[in-house]
Number of protein chains: 2
Amino acid sequence: MSAVPVETSRDRRRQAIIEVARRIFLENGYGATSMSSIAAAVGGSKGTLYAYFRSKTELFSAVVQDISGQFGETEFSLAVQGSDLKRDLIAIGSRLMTFIRRPEAMAMQRLVIGEAERFPELGQAFYDAGPRRKLAALATAFETLMEQGRLRRGDPTLAAEHFFALCQARGHHRVLWNVGPAPDAKHLRAEIEISVQAFCDAYAPSLAPLPVAERQGCEPRSKPHSLASV
Amino acid sequence: MSAVPVETSRDRRRQAIIEVARRIFLENGYGATSMSSIAAAVGGSKGTLYAYFRSKTELFSAVVQDISGQFGETEFSLAVQGSDLKRDLIAIGSRLMTFIRRPEAMAMQRLVIGEAERFPELGQAFYDAGPRRKLAALATAFETLMEQGRLRRGDPTLAAEHFFALCQARGHHRVLWNVGPAPDAKHLRAEIEISVQAFCDAYAPSLAPLPVAERQGCEPRSKPHSLASV
DNA sequence: AAAAAACCGTACTGTACGGTACGAATATCT
DNA sequence: AGATATTCGTACCGTACAGTACGGTTTTTT
């Protein structure tokens, strides 16, 4: 644990390379991106590039890690504060969708999904840093609501997944498959309002508790994401 | 409209090539698949390959079209026949999930999503042939149920999308991102049972009708998928 | 059987890639 | 200023790729 996070010039340069590389990887995909083009865009030489990253896969890995970190660190409230549950959920859903539907975020998802079979660690790292964290935060909020009797009892994590799924139901696959334009703010809002209504009805506290299914392994709960090598 | 679908030997060979190419594309992705390897796997020469397909992109397009066709043509009942709605929905959900979670189907989704930005027509064609059709069939069934007062009134297509989303909620993203193993049959079943329960509660006929949001353009209803060129 | 078409194997072209080598230029540190 | 580390530009290596060319061979048609 170093006390002061020294920001050497090397670190800055490394970060600059990552940011340029990110743009190009996101635009062109992994296979269609050449190290030469990255070096040219970064304004340096290829030799320098290889002084910072030993290979193309290592640079790619660094880029995905970097974005994953941003995904995880981008905080927005997932807490339910007010007395109007529906209203709060609409706000949460809007923030979530606005966040993950940004063009850059979509490009990232396409990139990681497309390479998930060849770079399994990256899919894992991205999921851990992004979706898993958000789901966990949401689940915590839902757990409290369940205990307060404001939400139907059941598996809080599954409730979070259901909430997320309902919010994405209409638009996400279209966007993922690049079918038609992304919904504008107005449609997104209407979409979420109906989804939240459906969610609130499905999880009305007056209903009998939902069964809690045993969860299949693969939850490294307290392991953020090491990803030492790729 | 030719009266008889003559199956020439050329057609058969073309189909054989497509089937081999499909396997290799699905295994390796678009960029990492070479025409030479396809020719070798097909047992022919590269010249022959180019006698059937003018370019790599054209072959890729043919492959995606072919699979899309299979996705669309693979029929399984999405109708609700019995008096036990929940039971029928569980059966439908199971069939749907089993179908789209096959390793080949998952590889296909990853492939199309990964290339969706560079081959927009393919994303569209796949969506039209696969998900859109299933959703439309399900929506038809739901519309009837709504009219019969067995399901809450609202937009039937949105209801189908919600149903689909709830069924996928837990496992799909994990599978798409290649995080952990795919759920086995037992877990899948339990997952779907809870999802269907939530859906039935969200769409209980006793609830007030859901608002019907105006749908954003991009529904070429009566246009199957031409995809003349890529 | 003769003619036509399709196919095969192989070699080739041009290009692009990941990665390396190296001397010159530049910046950084003491 | 002098020593040191870093960066630059460029050329290069080996490889692999999409796509073409072509002569010999098999299959199909007439």
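Bear in mind the structure is a predicted one, so any value in this text is a computation, not a measurement. Numbered from 1 within each chain, the chains take letters A, B, ... in sequence-line order.
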Nearest-0.5 Å distance that lies between atom CZ in A:Phe142 and atom OG1 in A:Thr157 | 10.5 Å
What's the closest nucleotide to the B:Tyr52 side chain, out of D:dT7, C:dG18, C:dC7?
-> C:dC7
Rounded interatomic separation in angstrom, taking OH from A:Tyr30 and C1' from C:dC17 = 12 Å
Modelled atom types, side-chain donor and acceptor of A:Thr57 and A:Ser55, under 3.5 Å = yes
Does the side chain of A:Arg13 get closer than 4.0 angstrom to OP1 or OP2 of D:dC8 through an N or O atom?
-> yes
State yes or no: are the ring centers of A:Phe71 and A:Phe99 separated by less than 6.0 Å?
-> yes
Out of D:dT20, C:dC17, D:dC17, which nucleotide sits closest to the side chain of A:Ser34?
-> C:dC17
Is B:Asn178 reaching over with its side chain to a backbone N or O of A:Ala116, donor-acceptor style, under 3.5 angstrom?
-> yes
Just to confirm, is there a sub-4.0 Å distance from OP1 or OP2 of C:dC8 to any side-chain nitrogen or oxygen of B:Thr48?
-> yes
Could you state the CG-C1' distance from B:Leu49 to C:dA6, rounded to the nearest angstrom?
-> 15 Å
Find the distance B:Leu59:CG to D:dC17:P and express it as a whole number of Å.
-> 15 Å
Atom-to-atom span, CG of A:Asn28 to P of C:dC17 - whole angstrom = 11 Å
Among C:dC8, D:dC8, C:dG19, the one nearest any side-chain atom of A:Lys56 is C:dG19
Comparing A:Met35 and A:Ser45 on DNA chain C - which has the more 5′ nearest nucleotide | A:Met35
Between P of D:dA18 and CD of B:Glu58, the distance in whole Å = 15 Å
Ignoring hydrogens and angles, are the base of C:dG19 and the side chain of A:Lys46 linked by a donor-acceptor pair under 3.5 Å?
-> yes
